[in-house]
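Notes follow once the structure below has been shown.
Atoms considered below: every heavy atom in the structure, side chains included; atoms not considered: hydrogens, waters and symmetry mates.
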Amino acid sequence: MEGIQTTIKYTGPEDSIGVIKVGGYIDTTTSSELERSLGSLLKKNQYRIIVDLGDVDYISSAGWGIFISEIKGIKENNGDLKLARMIPEVYEVFELLEFHYILKAYDTVEEAVDSFIKEGGGVLATARPREAAAKETLVTQAQPVTAKPSKTSVVQEIEEEKAQEKVREEDLTVDDHIRAAVAKYPNIGAWQLKKILKTEEYSFTNIGWFELRRRLKMLGLSSKDSRMKYSAEQD
(Lines give C-alpha, C1' and ligand atoms only; values in the text may rest on other atoms or scores of the structure.)
Protein backbone atom coordinates (compact mmCIF):
# COMPACT_ATOMS: atom_id res chain seq x y z
CA MET A 1 0.00 0.00 0.00
CA GLU A 2 1.48 3.35 -0.98
CA GLY A 3 1.98 5.96 1.69
CA ILE A 4 2.82 9.13 -0.21
CA GLN A 5 3.37 10.39 -3.73
CA THR A 6 4.89 13.77 -4.56
CA THR A 7 5.17 15.52 -7.90
CA ILE A 8 6.85 18.85 -8.65
CA LYS A 9 5.87 21.18 -11.46
CA TYR A 10 6.41 24.86 -12.22
CA THR A 11 3.83 27.52 -12.97
CA GLY A 12 3.25 31.27 -12.89
CA PRO A 13 5.15 33.99 -14.79
CA GLU A 14 8.19 32.39 -16.43
CA ASP A 15 7.60 29.23 -14.38
CA SER A 16 8.69 31.10 -11.26
CA ILE A 17 6.50 29.19 -8.77
CA GLY A 18 7.15 25.61 -7.67
CA VAL A 19 4.11 23.45 -6.93
CA ILE A 20 4.50 20.26 -4.91
CA LYS A 21 1.44 18.05 -5.35
CA VAL A 22 1.15 15.51 -2.54
CA GLY A 23 -1.05 12.42 -2.38
CA GLY A 24 -1.62 9.94 0.43
CA TYR A 25 -0.79 10.79 4.02
CA ILE A 26 2.12 12.47 5.79
CA ASP A 27 3.47 10.95 9.00
CA THR A 28 6.84 9.97 10.47
CA THR A 29 7.14 7.17 7.89
CA THR A 30 6.45 9.25 4.80
CA SER A 31 7.41 12.81 5.74
CA SER A 32 10.98 12.35 4.49
CA GLU A 33 9.66 12.18 0.91
CA LEU A 34 7.93 15.53 1.29
CA GLU A 35 11.07 16.96 2.87
CA ARG A 36 13.14 15.72 -0.06
CA SER A 37 10.80 17.34 -2.60
CA LEU A 38 10.83 20.62 -0.71
CA GLY A 39 14.59 20.46 -0.37
CA SER A 40 15.03 19.92 -4.11
CA LEU A 41 13.29 23.25 -4.77
CA LEU A 42 15.27 25.14 -2.15
CA LYS A 43 18.56 23.86 -3.56
CA LYS A 44 17.59 25.49 -6.86
CA ASN A 45 16.92 28.78 -5.03
CA GLN A 46 13.21 28.33 -5.63
CA TYR A 47 11.58 30.17 -2.74
CA ARG A 48 8.06 30.66 -4.04
CA ILE A 49 6.41 27.35 -3.26
CA ILE A 50 2.86 26.00 -3.15
CA VAL A 51 2.05 22.64 -1.58
CA ASP A 52 -1.12 21.11 -3.05
CA LEU A 53 -2.67 18.99 -0.26
CA GLY A 54 -5.93 18.18 -2.03
CA ASP A 55 -5.20 14.45 -2.07
CA VAL A 56 -3.81 14.27 1.49
CA ASP A 57 -6.16 12.89 4.14
CA TYR A 58 -3.84 12.97 7.17
CA ILE A 59 -0.86 15.03 8.38
CA SER A 60 0.94 14.16 11.61
CA SER A 61 3.10 16.48 13.70
CA ALA A 62 6.12 15.32 11.69
CA GLY A 63 4.52 16.61 8.50
CA TRP A 64 3.52 19.96 9.97
CA GLY A 65 7.01 20.26 11.41
CA ILE A 66 8.54 20.27 7.92
CA PHE A 67 6.51 23.29 6.84
CA ILE A 68 7.17 25.21 10.05
CA SER A 69 10.90 24.48 10.07
CA GLU A 70 11.38 25.75 6.51
CA ILE A 71 9.13 28.81 6.43
CA LYS A 72 11.55 31.16 8.21
CA GLY A 73 14.41 30.49 5.79
CA ILE A 74 12.08 30.77 2.80
CA LYS A 75 10.79 34.17 3.91
CA GLU A 76 14.32 35.38 4.59
CA ASN A 77 14.93 34.79 0.88
CA ASN A 78 11.90 36.94 -0.07
CA GLY A 79 9.77 33.88 -0.74
CA ASP A 80 6.83 32.14 0.84
CA LEU A 81 5.38 28.67 1.36
CA LYS A 82 1.63 28.45 0.77
CA LEU A 83 -0.76 25.54 1.28
CA ALA A 84 -3.71 24.77 -0.99
CA ARG A 85 -6.78 22.51 -1.15
CA MET A 86 -6.69 21.10 2.40
CA ILE A 87 -9.67 18.87 3.13
CA PRO A 88 -11.78 19.95 6.14
CA GLU A 89 -10.32 17.41 8.58
CA VAL A 90 -6.76 18.46 7.77
CA TYR A 91 -7.65 22.16 7.88
CA GLU A 92 -9.28 21.83 11.30
CA VAL A 93 -6.01 20.47 12.74
CA PHE A 94 -4.09 23.20 10.91
CA GLU A 95 -6.31 25.84 12.53
CA LEU A 96 -6.37 24.13 15.93
CA LEU A 97 -2.57 24.26 16.03
CA GLU A 98 -2.80 27.94 15.03
CA PHE A 99 -0.53 27.43 12.03
CA HIS A 100 -2.80 29.80 10.08
CA TYR A 101 -0.86 32.60 11.79
CA ILE A 102 2.35 31.31 10.15
CA LEU A 103 1.31 29.71 6.86
CA LYS A 104 -1.19 31.00 4.32
CA ALA A 105 -3.86 28.58 3.08
CA TYR A 106 -6.02 28.78 -0.04
CA ASP A 107 -9.03 26.93 -1.44
CA THR A 108 -7.27 26.34 -4.76
CA VAL A 109 -3.80 26.26 -6.28
CA GLU A 110 -4.92 28.99 -8.68
CA GLU A 111 -5.68 31.33 -5.78
CA ALA A 112 -2.24 30.70 -4.28
CA VAL A 113 -0.60 31.40 -7.66
CA ASP A 114 -2.61 34.63 -8.01
CA SER A 115 -1.47 35.77 -4.57
CA PHE A 116 2.19 35.32 -5.57
CA ILE A 117 1.61 37.29 -8.76
CA LYS A 118 -0.08 40.13 -6.89
CA GLU A 119 2.70 40.21 -4.31
CA GLY A 120 5.25 40.39 -7.13
CA GLY A 121 3.43 43.13 -9.02
CA GLY A 122 2.58 40.84 -11.92
CA VAL A 123 6.12 39.59 -12.57
CA LEU A 124 8.18 37.70 -10.04
CA ALA A 125 11.71 38.98 -9.70
CA THR A 126 13.41 35.61 -9.27
CA ALA A 127 11.72 33.86 -12.15
CA ARG A 128 13.37 30.60 -13.25
CA PRO A 129 14.59 30.28 -16.83
CA ARG A 130 11.63 28.95 -18.82
CA GLU A 131 13.76 26.48 -20.77
CA ALA A 132 15.11 24.80 -17.65
CA ALA A 133 11.82 24.72 -15.79
CA ALA A 134 9.92 23.31 -18.77
CA LYS A 135 12.17 20.27 -18.87
CA GLU A 136 12.17 19.52 -15.17
CA THR A 137 9.55 17.53 -13.32
CA LEU A 138 10.36 15.52 -10.23
CA VAL A 139 8.25 12.58 -9.10
CA THR A 140 8.97 10.77 -5.85
CA GLN A 141 7.22 7.89 -4.14
CA ALA A 142 7.73 6.40 -0.71
CA GLN A 143 8.33 2.73 -0.11
CA PRO A 144 5.14 0.75 0.51
CA VAL A 145 4.04 0.67 4.13
CA THR A 146 1.84 -1.85 5.86
CA ALA A 147 -1.05 0.30 6.99
CA LYS A 148 -2.52 3.78 6.80
CA PRO A 149 -3.36 5.81 9.89
CA SER A 150 -6.63 4.92 11.54
CA LYS A 151 -8.09 8.35 10.78
CA THR A 152 -10.87 7.90 8.25
CA SER A 153 -10.20 9.35 4.81
CA VAL A 154 -12.78 11.72 3.40
CA VAL A 155 -13.84 12.47 -0.15
CA GLN A 156 -12.38 15.78 -1.32
CA GLU A 157 -15.33 18.02 -2.18
CA ILE A 158 -13.90 21.50 -1.68
CA GLU A 159 -15.42 23.83 -4.24
CA GLU A 160 -12.95 25.84 -6.29
CA GLU A 161 -13.70 29.52 -6.17
CA LYS A 162 -11.84 32.82 -6.28
CA ALA A 163 -10.95 34.46 -2.97
CA GLN A 164 -13.00 37.54 -2.21
CA GLU A 165 -10.89 40.62 -1.57
CA LYS A 166 -13.64 43.21 -1.24
CA VAL A 167 -17.01 43.07 0.45
CA ARG A 168 -19.58 42.56 -2.28
CA GLU A 169 -23.14 43.79 -2.33
CA GLU A 170 -24.47 40.26 -1.96
CA ASP A 171 -22.46 39.65 1.23
CA LEU A 172 -25.40 40.64 3.43
CA THR A 173 -27.56 38.03 1.70
CA VAL A 174 -24.89 35.36 2.18
CA ASP A 175 -24.55 36.19 5.87
CA ASP A 176 -28.34 36.11 6.25
CA HIS A 177 -28.41 32.63 4.74
CA ILE A 178 -25.66 31.52 7.11
CA ARG A 179 -27.53 32.86 10.14
CA ALA A 180 -30.77 31.20 9.01
CA ALA A 181 -29.07 27.85 8.46
CA VAL A 182 -27.31 28.03 11.83
CA ALA A 183 -30.60 28.89 13.56
CA LYS A 184 -32.26 25.84 12.01
CA TYR A 185 -29.34 23.40 12.20
CA PRO A 186 -27.20 24.46 15.21
CA ASN A 187 -25.83 20.97 15.82
CA ILE A 188 -24.09 20.48 12.49
CA GLY A 189 -20.46 21.28 11.72
CA ALA A 190 -19.19 23.82 9.23
CA TRP A 191 -18.62 21.21 6.51
CA GLN A 192 -22.24 20.04 6.67
CA LEU A 193 -23.37 23.65 6.85
CA LYS A 194 -21.53 24.33 3.59
CA LYS A 195 -23.54 21.56 1.90
CA ILE A 196 -26.87 22.76 3.29
CA LEU A 197 -26.23 26.30 2.05
CA LYS A 198 -25.97 24.94 -1.50
CA THR A 199 -29.60 23.73 -1.39
CA GLU A 200 -32.67 25.50 -2.75
CA GLU A 201 -33.74 26.44 0.78
CA TYR A 202 -30.79 28.88 0.90
CA SER A 203 -30.86 30.01 -2.73
CA PHE A 204 -28.07 27.60 -3.68
CA THR A 205 -25.50 29.70 -1.82
CA ASN A 206 -22.12 28.39 -3.00
CA ILE A 207 -19.36 29.38 -0.60
CA GLY A 208 -15.85 28.00 -0.19
CA TRP A 209 -14.74 26.18 2.94
CA PHE A 210 -12.22 28.82 4.07
CA GLU A 211 -14.62 31.65 3.25
CA LEU A 212 -17.39 30.02 5.29
CA ARG A 213 -15.04 29.61 8.26
CA ARG A 214 -14.07 33.27 7.96
CA ARG A 215 -17.68 34.43 7.88
CA LEU A 216 -18.66 32.25 10.84
CA LYS A 217 -15.90 33.90 12.87
CA MET A 218 -17.01 37.37 11.83
CA LEU A 219 -20.58 36.52 12.84
CA GLY A 220 -19.48 35.08 16.19
CA LEU A 221 -20.70 31.62 15.17
CA SER A 222 -17.45 29.70 14.78
CA SER A 223 -18.02 27.28 17.68
CA LYS A 224 -20.82 24.80 18.23
CA ASP A 225 -21.69 26.43 21.56
CA SER A 226 -22.05 29.83 19.93
CA ARG A 227 -24.29 28.37 17.21
CA MET A 228 -26.47 26.61 19.79
CA LYS A 229 -26.82 29.83 21.76
CA TYR A 230 -27.71 31.79 18.64
CA SER A 231 -30.34 29.23 17.66
CA ALA A 232 -31.93 29.35 21.10
CA GLU A 233 -32.11 33.14 20.94
CA GLN A 234 -34.06 32.96 17.67
CA ASP A 235 -36.87 30.87 19.18
Side-chain angles (χ1 to χ4, degrees), residues 22 25-27 51-61 63-64 67-68 82-112 114-115 148-235:
V22 188
Y25 58 94
I26 307 171
D27 63 3
V51 182
D52 181 353
L53 298 171
D55 295 325
V56 172
D57 42 55
Y58 175 80
I59 302 179
S60 73
S61 58
W64 292 118
F67 300 137
I68 300 303
K82 306 188 180 192
L83 309 181
R85 297 204 312 133
M86 282 185 280
I87 65 172
E89 284 75 8
V90 171
Y91 181 78
E92 285 179 356
V93 175
F94 170 78
E95 192 175 49
L96 179 65
L97 296 173
E98 298 188 341
F99 288 154
H100 57 292
Y101 293 116
I102 304 171
L103 298 164
K104 297 175 183 176
Y106 298 84
D107 276 355
T108 69
V109 172
E110 289 77 13
E111 289 177 3
D114 286 347
S115 71
K148 296 184 71 172
S150 58
K151 188 178 181 68
T152 303
S153 301
V154 299
V155 178
Q156 186 265 326
E157 295 181 355
I158 298 178
E159 299 291 335
E160 294 187 350
E161 63 173 46
K162 291 294 181 180
Q164 297 179 349
E165 296 186 1
K166 294 181 180 180
V167 176
R168 302 180 302 181
E169 292 182 358
E170 60 267 30
D171 276 0
L172 179 59
T173 301
V174 172
D175 287 346
D176 283 346
H177 285 317
I178 292 174
R179 291 190 186 96
V182 167
K184 187 172 182 179
Y185 306 102
N187 289 312
I188 66 174
W191 183 243
Q192 291 174 298
L193 182 62
K194 177 182 181 296
K195 292 183 177 181
I196 287 175
L197 287 169
K198 289 180 66 177
T199 64
E200 184 177 2
E201 183 178 4
Y202 301 101
S203 302
F204 303 102
T205 300
N206 188 5
I207 184 170
W209 167 252
F210 296 145
E211 177 66 9
L212 176 57
R213 299 279 296 191
R214 184 183 71 81
R215 287 176 182 273
L216 285 171
K217 285 184 177 180
M218 290 178 61
L219 296 171
L221 300 172
S222 58
S223 69
K224 184 176 179 180
D225 287 344
S226 63
R227 293 193 288 271
M228 292 291 291
K229 182 179 178 181
Y230 177 80
S231 178
E233 291 172 349
Q234 305 311 302
D235 294 337

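For the residue pair Leu53 and Ile26, the shortest heavy atom distance occurs at CD2-CD1, 4.3 Å. Between Ser226 and Ser223 the shortest heavy-atom distance is OG-O, 2.7 Å. Contact record, Tyr202 with Ala181: OH-CA, 3.5 Å, taken as the closest heavy-atom pair. Here the shortest heavy-atom pairing between Val56 and Ile59 reads CG1-CG1, 3.7 Å. The two residues Lys224 and Pro186 come nearest to each other via the heavy atoms CG-O, 4.2 Å.
Atom CD1 of Ile178 sits about 11.0 Å away from atom OG1 of Thr173, to the nearest 0.5 Å. Interatomic distance, CE of Met86 versus CD of Glu95, reported as 9.5 Å (0.5 Å rounding). A distance of 10.5 Å separates CG of Leu197 from OH of Tyr185, quoted to the nearest 0.5 Å. Note that CE of Met218 and CG of Asp175 are 7.0 Å apart. Values are rounded to the nearest 0.5 Å. Here Tyr58 contributes atom OH and Glu89 contributes atom CD; the two are 13.0 Å apart, rounded to the nearest 0.5 Å. Taking NZ from Lys194 and CD1 from Ile207, the interatomic distance works out to 9.0 Å, rounded to the nearest 0.5 Å.
Counting only distance, with no hydrogens or angles, the side chain of Ser115 and the backbone of Ala112 share a donor-acceptor pair below 3.5 Å. Judged purely by atom type and a 3.5 angstrom limit, Arg85 has no side-chain atom pairing as donor or acceptor with the backbone of Asp107. Under a 3.5 Å cut-off, the side chain of Ser222 and the backbone N or O of Lys217 do not form any donor-acceptor pair.
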For this session: Tell me, with the steps shown, if Ile196 and Ile188 meet side chain to side chain contact (heavy atoms under 4.5 Å, CB included).
Result: CA-CA 10 Å; Ile196 287 175; Ile188 66 174; 3.3 Å; yes
Problem set entry | Residues Leu216, Leu193; criterion side chain to side chain contact (heavy atoms under 4.5 Å, CB included); working and verdict | CA-CA 11 Å; Leu216 285 171; Leu193 182 62; 4.0 Å; yes
Exercise. So Asn187 and Met228, side chain to side chain contact (heavy atoms under 4.5 Å, CB included) or not? Walk me through it.
Worked result: CA-CA 7 Å; Asn187 289 312; Met228 292 291 291; 3.1 Å; yes
For this session: Please step through side chain to side chain contact (heavy atoms under 4.5 Å, CB included) for the pair Tyr25 and Asp27, ending with a clear verdict.
Result: CA-CA 7 Å; Tyr25 58 94; Asp27 63 3; 3.4 Å; yes
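Taking the six-membered ring where tryptophan is involved, the planes of Trp64 and Phe99 are tilted, since the angle between them lies from 30° to 60°.
Counting heavy atoms from C-beta outward, Val51 and Lys82 have side chains that stay 4.5 Å or more apart. In this structure, Glu201 and Lys184 have side chains that are in contact, with non-hydrogen atoms separated by less than 4.5 Å. Contact annotation: the side chain of Leu219 approaches that of Arg179 to within less than 4.5 Å [non-hydrogen atoms, C-beta and beyond]. Contact of the Phe67 side chain with the Leu83 side chain is registered, since non-hydrogen atoms from C-beta on lie closer than 4.5 Å.
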